[in-house]
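Whatever order the structure lists ligands and atoms in, that order sets their numbers, starting from 1. All values reported here derive from a predicted model rather than from experimental measurement. What you see below is based on every heavy atom in this structure, not just the backbone, and it leaves out hydrogens, waters and symmetry mates.
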Amino acid sequence: MHAAIIGAGLSGLTCARVLDRASVRVTVLDENPTPGGRMQSSGIAGDLHADLGTRSFFVRDERFTKQVRDWQQRGLVATWAPSLVNIHRPGHAEQGRFRSVRHVGTPTMHAPAIDLARSIAGRVRLEQNRRIDAIHRTSGGWVLRDESGRADHFDAVVLAVPSPRAAKLLAEIPHLHALASAVPMMPAWATAAVFRERLPIGFDAANVQIGARCEHAGVLAWMDRESSKPGRPSDEIWLLHAGEQWSASHRDDTPAEVGRRMVQAMFAAADAPPVEPIAVHAHLWRHAFPVAPLCDGCLFDETLAVGACGDWCMGSRVEGAYLSGLAMAARLLGERSDFLEPCIAQEH
Ligand SMILES: Cc1cc2nc3c(=O)[nH]c(=O)nc-3n(C[C@H](O)[C@H](O)[C@H](O)COP(=O)(O)OP(=O)(O)OC[C@H]3O[C@@H](n4cnc5c(N)ncnc54)[C@H](O)[C@@H]3O)c2cc1C
C-alpha cells in the first residue's frame with residue numbers, strides 16, 4: 001500500500017510515523033515550507049522568531065505523556081511555568097489558579113514536529129511547498145492533483161488538514177464531506193511585537209477577557225512574553241493572540257492595522273505606558289480553532305481507503321491532534337482503536 005498524507009502538522013506526522021513503523025509506504029505532502037502546521041514558530045523580523053500558533057500545550061493522555069516525556073528527555077520539549085494572570089478589566093491583573101503544567105517545544109514550538117519529520121526521513125517522502133487542490137477516486141486508487149496540475153497516484157489518502165480544507169477535498173465523498181463540514185473553524189489573528197527594551201509589565205502571560213463595555217473589548221485573548229519560555233532568546237518580544245470573534249470580524253483588515261490595534265490593546269490590558277515597537281508582525285490563521293470538535297479519533301471509509309484526522313476530530317488542541325494521528329494510523333492498519341473515550345475539556 002502507498003498512502004498519501006496531506007498535511008505535515010502534528011496529526012499527519014504522527015500518523016506517518018506509525019504507518020512507517022508498520023512498513024507502509026508513505027508520502028506526506030504539505031503546502032508550507034516547514035513541518036508543524038499550526039504548531040509553529042515563525043520568522044517575525046530578521047532572525048527573530050515567535051510562537052504565532054500554539055502558545056503552549058497540556059498533556060493528559062497516557063500515550064501523549066509517553067511521547068512528550070521522550071521529547072523532554074531529548075530537549076525538544078520543556079515545561080513552562082509563567083507568572084500567569086487573568087485580565088478582565090484593563091489594568092486589573094489577577095493571579096489565577098492554574099493547575100495544569102504547560103509544555104512548549106524548545107527551542108521553537110515546532111521542534112517536536114521537526115523531530116517527527118526527521119525520524120521518518122529517508123523512508124517517508126516529505127514534499128513541502130505542495131498544495132493539494134483535489135483528490136479523485138479512480139478504479140486504480142486515488143489521484144491527487146496539486147496547484148500546478150501535477151497528478152500523483154496512491155492507494156490510500158489521509159487528510160490531516162483543518163476541517164474546512166478537508167471538507168473541500170472530500171467534495172466527491174458526500175458522507176465524509178458532511179462530517180467535516182459540520183465542524184467549522186474560527187480564525188485567529190496572532191501578532192508578535194518586538195521592543196528595544198524590557199517593558200514594565202510584571203507578569204509573563206495573561207488570559208485576557210476584557211468586558212464588552214470597555215475599550216479594546218474582545219481584541220486580545222492572550223498575551224505572553226516570549227523570553228519567559230524555556231530555550232528562547234532574551235529579546236523583548238510579546239506574543240498577542242486576538243479573540244475569536246474579533247478575529248472573525250477583522251479578518252479582512254490589513255496585518256499592519258491589526259498589529260497596531262493589538263499592540264494598543266496590549267498596553268491597555270497591562271496598564272503599561274505605550275512604547276513604539278521596533279517591529280510588528282501580524283498573521284491571520286484562517287482555520288485556528290474548531291467549533292464543536294468531534295470526539296471520534298478520525299474519519300475513515302475503509303472501502304474507499306480515505307480518512308481524515310486532526311485536532312478537530314479529537315476534542316481540538318495539540319494533544320487531540322496527536323491522538324487523532326494515532327487513531328488514523330490504527331484504522332488504516334486495521335487495528336482496533338479505543339479512541340472513543342470522551343474528549344477531555346481543555347484548559348487555556
Ligand atoms: C493562534 C493559535 C493558538 C493556539 N494555541 C494552542 C495552545 O495554546 N494549546 C494547544 O494545545 N493548541 C493550540 N492551538 C491549536 C494547535 O495548534 C492545533 O490543535 C494543532 O497544531 C493541530 O494540528 P493538526 O495536525 O491537526 O493540524 P495543522 O497543524 O493545522 O496541520 C495541517 C497541515 O496541513 C497543511 N495543509 C492544509 N491544507 C493543505 C492542502 N490542501 N495541501 C497541502 N497541505 C495542506 C497545512 O500547511 C498544515 O501544515 C493553537 C492554534 C492557533 C492557530
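- Applying the 4.0 Å criterion to heavy atoms of Leu52 picks out, from ligand 1, the atoms 1 (C).
- Here the options are Asp51, Thr106, Thr108, the test is side chain to side chain donor-acceptor pair (under 3.5 Å), and the partner is Arg232; only Asp51 passes.
- The distance from ligand 1 to the heavy atoms of Gly7 drops below 4.0 Å at these ligand atoms: 33 (C), 34 (O), 35 (C).
- Contact annotation for Pro162 and ligand 1: only side-chain heavy atoms (C-beta onward) come within less than 4.0 Å of the ligand.
- Met186 and Trp312 fall into different hydrophobic clusters, where Ile, Leu, Val, Met, Phe, Trp and Tyr residues are linked whenever their side-chain heavy atoms come under 4.5 Å apart, directly or through other members.
- Counting heavy atoms under 4.0 Å from ligand 1, residue Arg317 touches it through both backbone and side chain.
- The distance criterion of under 3.5 Å between nitrogen or oxygen atoms is met by Ser11 with respect to ligand 1.
- Both Leu220 and Phe203 are assigned to one and the same hydrophobic cluster, defined by single-linkage of ILVMFWY side chains at heavy-atom distances under 4.5 Å.
- Not a single heavy atom of Leu13 sits under 4.0 Å from any atom of ligand 1.
- Ligand 1 places these atoms under 4.0 Å from at least one heavy atom of Val161: 34 (O), 36 (N), 37 (C), 38 (N), 39 (C), 45 (C).
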For this session: Evaluate side chain to side chain contact (heavy atoms under 4.5 Å, CB included) for Leu176 paired with Leu304, printing each intermediate quantity in order.
Result: CA-CA 11 Å; Leu176 295 186; Leu304 296 176; over 6 Å; no
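- Between His136 and Glu172, the side chains place a donor N or O and an acceptor N or O closer than 3.5 Å (distance only, hydrogens not considered).
- Contact annotation: for Ile6 versus ligand 1, heavy atoms closer than 4.0 Å belong to the side chain alone.
- Close contacts between ligand 1 and Phe57 involve ligand atoms 11 (O) [criterion: under 4.0 Å to a heavy atom].
- If you number the atoms of ligand 1 from 1 as listed, the ones under 4.0 Å from a heavy atom of Ala321 come out as 22 (C), 23 (O), 24 (P), 26 (O).
- When each atom of ligand 1 is checked for a heavy atom of Gly310 under 4.0 Å away, the hits are 26 (O).
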Exercise. Given the rule in the side chain to side chain contact (heavy atoms under 4.5 Å, CB included) test, do His250 and Glu257 qualify, once you have shown the distances and angles that lead to the verdict?
Worked result: CA-CA 10 Å; His250 291 79; Glu257 172 62 11; over 6 Å; no
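- Near Gly37, the atoms of ligand 1 lying under 4.0 angstrom from a non-hydrogen atom of the residue are 29 (O), 31 (O), 48 (C), 49 (O).
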For this session: Dump the intermediate steps for side chain to side chain contact (heavy atoms under 4.5 Å, CB included) on Ser42 and His283, then the final yes or no.
Result: CA-CA 10 Å; Ser42 312; His283 174 79; over 6 Å; no
Problem set entry | Residue pair Asp224, Asp204: steps toward the side chain to side chain contact (heavy atoms under 4.5 Å, CB included) verdict | CA-CA 5 Å; Asp224 73 58; Asp204 297 328; over 6 Å; no
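- In terms of the side chain to side chain donor-acceptor pair (under 3.5 Å) criterion, residue partners of Trp71 (sequence neighbours excluded) are, by chain and number, Asp115.
- Nearest to atom 7 (C) of ligand 1 by heavy-atom distance, out of Gly53, Ser56, Ala188, Ser247, is Ser56.
- Using a non-hydrogen distance threshold of 4.0 Å, Gly36 registers as a contact of ligand 1.
- Scanning for side-chain contact (heavy atoms from CB on, under 4.5 Å) contacts around Ala190 gives Leu52, His241, Trp285, with sequence neighbours left out.
- Phe289 and Val161 end up in different hydrophobic clusters when Ile, Leu, Val, Met, Phe, Trp and Tyr side chains are linked at under 4.5 Å.
- In this structure, Arg130 has a heavy atom closer than 4.0 Å to ligand 1.
- Residue contacts with ligand 1 for Glu319 are absent, since no atom lies close enough (heavy atoms, distance under 4.0 Å).
- The heavy atom nearest to atom 2 (C) of ligand 1, out of those in Trp285, Trp312, Phe289, is found in Phe289.
- Side-chain contact check for His2 and Thr27: at least one donor-acceptor pair (N or O, by modelled atom type) lies under 3.5 Å.
- With a 4.0 Å cut-off on non-hydrogen atoms, Ala190 does not touch ligand 1 at all.
- Each of the following atoms of ligand 1 lies closer than 4.0 Å to a heavy atom of Ala288: 53 (C).
- One option in Asn32, Asp224, Asp311, Ile5 has a heavy atom closer to atom 26 (O) of ligand 1 than any other, and that option is Asp311.
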